[in-house]
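The structure appears below as structure tokens.
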Amino acid sequence: MANLLELTRQGDPGTIVDESQLDKIQLQNPQQLYELWERQHWSAHAIDLSRDVDDWLAVPDDEREYMLWSLSSFFIGEERVTTQFSGLVMAYEDQSEEAYLTTQQVDEARHTQFFARYYDTVFKIGGGIDAQLERVREHVNDAFVKLFDEALVDANKRLIADPSDRDAKIDFVTTYMMVIEGTLALTGQHTITRSLEERGIMPGFVEGFRHIATDEHRHVAYGTWYLQQAVRRDRSAAERIQAKLAELLPVAAEVLVPPGHSLDEEWELFGFTRSDVHGFAFQALSRRLKVIGLGVPQLV
Ligand SMILES: [Fe+2]
Ligand SMILES: [Fe+2]
């Protein structure tokens, strides 16, 4: 039974590039990811939410609190990753990358729209997106604020100040695609979707969240591709990525802690134990690092 930090400490550490892996794996490039985006369109406003309204009323009160904590982190997170993305769009290096990056920004806006519509229609929390976000902020923890309002915002500001700064781009992609999307978002999407599907409730949410997860896989694929290229271009990028991960993983681990619990405690949520959740997050990250050619970071 271990949390994300313990798993990382037990993992295969290394700031050294694994040369044997580095040139082996061919990832989809931005042009291919752009074309995939065209084939994977969906509409946040077309999903039928009528059954979800009744299902939500039948969810017990104690579960509602956890569900609102979890989904509110996603709602605010989607808004943050939409508005804090402009620096990366400015940092494109060729036309295919520019085309792909603009699709990701509109994806994140679509995800925010889905949550706004869901909160309005099902949770009866309305008043427009700005008012909704202000209200649901009560659910997020301090680590969330540190990651989304400080680390992500700072990384974006550095890129906007100088879009040609490759170090700033590596830091941003590591923060955004490896930690926020690749470690946290994919884990939350997996556990929440599985739990709701098994119980056969809130089918509109499951449908929307499945589309969001498909988009997120494309986003993480871009980040993995970018960092793999960065390390191939300059081996010193590996240490930069590892340093950013070592700085942010302790924060990410805390983001996953449900209200009323601590990182070291055991808990169960939506039918998943702490070990399930942290184990999935660790796997999701370490698998992608391996593709980039890196081991897990050495934590102090
Ligand atoms: Fe998203
Ligand atoms: Fe995303």
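First listed ligand is number 1; within each ligand, the first listed atom is number 1. Values below: all heavy atoms of this structure, side chains included; hydrogens, waters and symmetry mates excluded.
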Restricting to N/O/S atoms, is [X] within less than 2.8 Å of the Fe ion (ligand 1) or not?
X	value
Glu181	no
Asp215	no
His111	yes
Asp107	no

If you check every N/O/S atom of Glu108, which is the one nearest the Fe ion (ligand 2)?
-> OE2

What N/O/S atom of His219 is the closest to the Fe ion (ligand 2)?
-> ND1

Aromatic ring pairing Tyr222/Tyr100, orientation class (parallel under 30°, perpendicular over 60°, tilted between) | parallel

Are any of the side-chain nitrogens in [X] or [Y] under 4.0 Å away from the carboxylate oxygens of its partner?
X	Y	result
Asp107	Arg110	yes
Glu63	Arg199	yes
Glu247	Lys244	yes
Lys169	Glu93	yes
Glu79	Arg137	no

Round to 10° and report the angle made at the Fe ion (ligand 1) by OE2 of Glu216 and OE1 of Glu78.
-> 140°

